[in-house]
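Here the structure comes first, spelled out in structure tokens, and everything after it is commentary.
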Protein chains: 2
Amino acid sequence: MTAHSHAKPDLTKNQGLVFGALTGAEGPLTAYAILDLLRDDGFRAPLQVYRALDKLVEIGLVHRLESLNAFVACSHPVDCGEHKTAAFAICEDCGKVDEFAPDAALQSLQAWSRQEKFALAKTTIELRGTCANCTTS
Amino acid sequence: MTAHSHAKPDLTKNQGLVFGALTGAEGPLTAYAILDLLRDDGFRAPLQVYRALDKLVEIGLVHRLESLNAFVACSHPVDCGEHKTAAFAICEDCGKVDEFAPDAALQSLQAWSRQEKFALAKTTIELRGTCANCTTS
DNA sequence: CCTATAACGTAACACTATAACATTTCGGAG
DNA sequence: CTCCGAAATGTTATAGTGTTACGTTATAGG
């Protein structure tokens, strides 16, 4: 294991480009928005974006926002292990997304699952509203 | 207010048909699945379905499942007032959806919102996994 | 009756995602 | 080094989801 190889498992060219687009963006991006951003880098078809996104989500570097059909770069430090359980507060004014770890909420949902014998695989928690910055101004 | 007018605010023909399709279904339905079910009733275009769904969701008789792009009839008794805050457990085996009120989780998310000065408008909580019935068999 | 509003009908279109198939890249076994 | 298999990539076509635009019909209130 070299000094370079432990954080991001050596993204491929396309994965790196897509991840770069997401980290460079202010907020979430749709797959087609990413495609447009990467035309100059040789991207031609949605599948190129979706394939990279699939891997990035699997690795845990990117999250999918179900209520937006869009994607954001994960804001956690690497290897946080919480990628399956993050929550998101989405500002409907400015479009920015705040990722956080909803520990208590999660515990209560896990408790419900135990009680109902529901084998929980993944939780989706997305809050819609107006962020502090947009409320002020 | 008459004896008839308080529960379901007099659905229109299309709204009634769409709501009927959803209550008659085992699990959630996509808009296009509803459209196909209602061809014989004169439905021709997706917009007819979407317009009815919009109203039904607004009224609180139907919920949208963001992670499925699908819709389910609300399982609460009428006028429960919790339509903005329901949670859903979606079985990936049989496709059935269990709606419940995630009180504790909700409180914790509301507390987070207060602390972050995030003006919470709507919460989306969807659990994916395997239901008790499917785990057994 | 008249009018304003909501609901409806239809066609076209835009956005999101995947299927199918060919080709290339790249790391490891021999 | 060469060969091979797995993963990644490229391209076209298509499936699935949702909206715009425009015109018509139904309905409730004055």
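Sequence lines set the chain letters: A, B, ... in the order given, protein chains first and strands last, and positions in each chain run from 1. Atoms considered below: every heavy atom in the structure, side chains included; atoms not considered: hydrogens, waters and symmetry mates.
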- Message: Would you say that B:C91 contacts B:V97 through its side chain, given a criterion of any heavy-atom pair below 4.5 Å between the two side chains?
- Response: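 Heavy-atom side-chain distance check fails, nothing below 4.5 Å.
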- Message: Using the side-chain heavy atoms of B:L47, tell me which of these nucleotides is nearest: C:dC8, C:dA19, C:dA11.
- Response: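 Among the listed nucleotides, the one closest to the side chain of B:L47 is C:dA11.
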- Message: Given C:dG9, C:dT10, D:dT17, identify the nucleotide with an atom nearest to the side chain of B:T30.
- Response: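 Closest nucleotide to the B:T30 side chain: D:dT17.
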Using atom [atom1] of [X] as one end and atom [atom2] of [N] as the other, report the distance to the nearest whole Å.
{"X": "B:N14", "N": "D:dT25", "atom1": "CG", "atom2": "P", "answer": "16 Å"}
{"X": "A:Y50", "N": "D:dA15", "atom1": "OH", "atom2": "P", "answer": "17 Å"}
{"X": "A:I34", "N": "C:dT16", "atom1": "CD1", "atom2": "P", "answer": "11 Å"}
{"X": "B:D10", "N": "D:dA28", "atom1": "CG", "atom2": "C1'", "answer": "13 Å"}
{"X": "B:R44", "N": "C:dA12", "atom1": "CZ", "atom2": "P", "answer": "16 Å"}
{"X": "B:D54", "N": "D:dT20", "atom1": "CG", "atom2": "C1'", "answer": "14 Å"}
{"X": "B:L56", "N": "C:dA7", "atom1": "CG", "atom2": "P", "answer": "11 Å"}
{"X": "A:L29", "N": "C:dT16", "atom1": "CG", "atom2": "P", "answer": "11 Å"}

- Message: Check whether B:Q15 reaches the backbone of B:T12 with its side chain - one donor and one acceptor, N or O, closer than 3.5 Å.
- Response: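 The answer is yes, because a donor-acceptor pair under 3.5 Å joins these two groups.
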- N/O donor-acceptor pair under 3.5 Å between A:E126 side chain and B:T124 backbone: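 No, the answer is negative, given that no donor and acceptor are paired below the 3.5 Å cut-off.
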Tell me whether the side-chain N/O atoms of [X] come closer than 4.0 Å to OP1 or OP2 in [N].
{"X": "B:Q48", "N": "C:dG9", "result": "yes"}
{"X": "B:K55", "N": "C:dA7", "result": "yes"}
{"X": "B:T12", "N": "C:dA6", "result": "no"}
{"X": "B:N69", "N": "D:dG18", "result": "yes"}

- Answer with yes or no after comparing the ring centroid distance for A:H63 and A:F71 against a 6.0 Å cut-off, counting only values under it.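 That pair fails the under 6.0 Å test.
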- Task: Could you check A:A33 against A:R51 and say which one's nearest nucleotide on DNA chain C is further toward the 5' end?
- Result: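 Looking at the nearest nucleotide for each, A:A33 comes out on the 5' side.
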- Query: Hey, is B:Y32 doing a stacking thing with D:dT17, by the 5.5 Å centroid and 30° angle criteria?
  - Reply: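 It does: the two rings, one from B:Y32 and one from D:dT17, meet the stacking criterion.
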- Item | salt_bridge(B:R64, B:E66) N-O dist < 4.0 Å |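 Looking at B:E66 together with B:R64, the answer is yes, because their closest N to O distance falls below 4.0 Å.
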